[in-house]
Amino acid sequence: MGLCCCSRRGVLAVLQVLAVTLLLSAGGCADDALPPGVVATVNGHPVNMKLLQATHDAYAQSWTGAEGPSVEALRSQYGAVLADLVVQELVLQKLAAVGASVTDAELGAAEAEVRGDYPEGMFEAALVEDYLDLEVWREMLRRRLALTKFAQVVLRSEVAISLEEVESWYRGHQGEFRLAARVRFIMVEGDTREGVEAAAGAVASGAAPEEVEKAFPGMSGNELLIRRDRIPAAWQKALAALKPGGVSPPIAFEGRWVAFRLIESLPAQDMSVVDAYPVIERRLLEEKLDAAFDVWVERNLAGAKVRVSQHLAGTKEAVPGGGGAAQR
């Protein structure tokens with residue numbers, strides 16, 4: 001469960017208004033200038049240029065056309081990213097206020113998980129390739145973790161889901177909980193017919209797929225549960241001829257040999273509301289958390305003091321009268 005400031009229509013509308021306001025407020029006097037490298041402050045907390053640029057670059061692939069953005073489009077993009085960062089800053093401040101900031105240990109664990117997806121030394125190389133400073137990347141990661149934690153710590157207590165709501169949603173979406181006919185089976189695969197036949201015999205005697213792989217080098221075994229209408233045509237005849245516990249003779253398939261042991265055939269059926277409850281509850285929870293976040297953003301932006309660097313926009317128009325979403 002996580003919130004992303006740029007992913008929901010309600011918050012987007014707020015951010016778009018904020019982005020325009022921020023850009024229009026960029027004019028300022030010299031004695032009102034922000035420190036070097038700082039593009040905005042939110043209740044006195046700085047948002048630095050490196051973070052703004054890195055976040056913009058992370059979004060740029062979905063924004064940039066074949067010929068690149070115009071100056072106006074680029075300014076609009078930076079305004080939208082800055083608005084997003086302003087909301088993130090408010091989230092960070094709220095977590096700090098309730099004693100639930102993202103800890104260094106939580107950040108370190110999340111970083112280790114990301115690094116685990118890369119071969120040794122390649123994570124740093126990927127950052128260099130993306131022109132991304134490690135500390136800036138960590139700050140971006142901290143903010144993503146903060147949004148998830150904010151949903152759990154701050155918003156979750158404001159959201160309740162009743163059994164009546166779940167049942168009503170189930171009745172309105174019952175077609176989504178209709179399970180197609182499925183087949184559960186073990187597939188043995190290898191390069192030779194003889195090897196697959198021997199391995200399939202072991203499976204027929206009760207050997208588990210992982211035991212087959214140890215006993216028969218070069219063979220692979222997997223337990224699969226597949227919708228009947230999605231089983232490859234080449235397998236259909238072999239599986240259709242089996243009763244539970246039965247094993248098919250090897251058949252050639254895409255340059256290899258395969259054999260099957262049928263475990264069970266499951267008919268099409270509707271999930272009960274009890275079985276569907278966890279899925280429905282998760283869907284309703286996401287919707288309600290998004291709505292609660294929209295309300296929280298609007299309320300807290302209205303009282304926030306936001307200052308923006310005069311160098312971010314090419315205009316010195318004054319902000320027309322309004323609330324405190326952006327102040328100089």
Side-chain angles (χ1 to χ4, degrees), residues 1-2 109-123 125-126 148 166-167 169-286:
M1 172 195 320
E111 179 177 334
E113 185 176 350
V114 174
R115 285 177 176 271
D117 293 333
Y118 291 82
E120 184 68 28
M122 291 304 296
F123 174 73
T148 299
V166 172
E167 291 175 340
W169 202 95
Y170 174 80
R171 288 193 296 271
H173 301 79
Q174 198 162 354
E176 297 181 24
F177 300 99
R178 184 162 294 119
L179 299 176
R182 291 149 293 148
V183 179
R184 189 189 304 275
F185 59 94
I186 294 174
M187 181 177 75
V188 177
E189 182 178 6
D191 291 328
T192 66
R193 179 188 178 95
E194 294 76 13
V196 168
E197 193 166 27
V203 168
S205 300
E210 58 271 17
E211 294 173 332
V212 167
E213 294 180 357
K214 292 179 181 178
F216 299 89
M219 298 293 109
S220 65
N222 294 284
E223 182 175 319
L224 304 173
L225 176 63
I226 304 179
R227 284 178 46 163
R228 185 173 291 278
D229 59 359
R230 292 182 180 175
I231 294 174
W235 303 0
Q236 291 277 7
K237 185 176 180 180
L239 284 166
L242 299 177
K243 294 181 178 180
V247 176
S248 73
I251 61 172
F253 180 69
E254 296 184 348
R256 304 195 79 194
W257 291 89
V258 296
F260 312 104
R261 178 179 184 269
L262 180 64
I263 298 175
E264 60 180 340
S265 294
L266 300 169
Q269 62 185 94
D270 289 332
M271 291 177 65
S272 69
V273 66
V274 174
D275 292 331
Y277 188 95
V279 177
I280 299 172
E281 183 182 43
R282 185 165 57 250
R283 291 273 292 270
L284 290 174
L285 181 60
E286 289 174 355

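Since the structure is predicted, the reported quantities are computational estimates derived from the model, not experimental observations. The figures here come from the full heavy-atom set of this structure, side chains too, leaving out hydrogens, waters and symmetry mates.
Considering only residues two or more places apart in sequence or on other chains, Tyr118 meets the ring-ring contact (aromatic ring centres under 6.0 Å, His included) condition with Phe123.
Atom-to-atom distance recorded for Ile280:CD1 and His173:NE2 is 9.0 Å, nearest 0.5 angstrom. Atom CD of Glu167 is separated from atom OH of Tyr277 by 9.0 Å, given to the nearest 0.5 angstrom. Summarising the geometry, atom CH2 belonging to Trp257 is positioned 9.0 Å from atom CD1 belonging to Ile251; distances are rounded to the nearest 0.5 Å.
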Just list the side-chain donor-acceptor pairs under 3.5 Å for residues 200-217, sequence neighbours left out, or say none.
{"residue": "Ser205", "atom": "OG", "partner": "Gly201", "partner atom": "O", "Å": "3.2"}
{"residue": "Glu211", "atom": "OE1", "partner": "Ala208", "partner atom": "N", "Å": "2.8"}
{"residue": "Glu213", "atom": "OE2", "partner": "Gly221", "partner atom": "N", "Å": "3.0"}

Using atom types as modelled, flag every donor-acceptor pair under 3.5 Å from a side chain in residues 177-185 to any protein atom, sequence neighbours excluded.
{"residue": "Arg178", "atom": "NE", "partner": "Asp270", "partner atom": "OD1", "Å": "2.8"}
{"residue": "Arg182", "atom": "NE", "partner": "Ala180", "partner atom": "O", "Å": "3.0"}
{"residue": "Arg184", "atom": "NE", "partner": "Glu264", "partner atom": "OE2", "Å": "2.8"}

Can you list, pair by pair, the side-chain donor-acceptor contacts under 3.5 Å of residues 231-247, counting residues two or more places apart and other chains?
{"residue": "Gln236", "atom": "NE2", "partner": "Arg228", "partner atom": "O", "Å": "3.1"}
{"residue": "Gln236", "atom": "NE2", "partner": "Ile231", "partner atom": "O", "Å": "3.2"}

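Closest heavy-atom contact between Val196 and Gly190: CG2-N, 3.3 Å. Heavy-atom minimum distance, Phe253 versus Val258: CB-CG2, 4.1 Å.
Legend: salt bridge (charged side-chain N to carboxylate O under 4.0 Å, His left out) pairs involving residues 272-284, not counting sequence neighbours, sorted by first then second residue: Glu176-Arg283. The side-chain hydrogen bond (donor to acceptor under 3.5 Å, both in side chains) contacts involving residues 190-202 comprise Asp191-Arg256, where partners must be two or more places apart or lie in separate chains.
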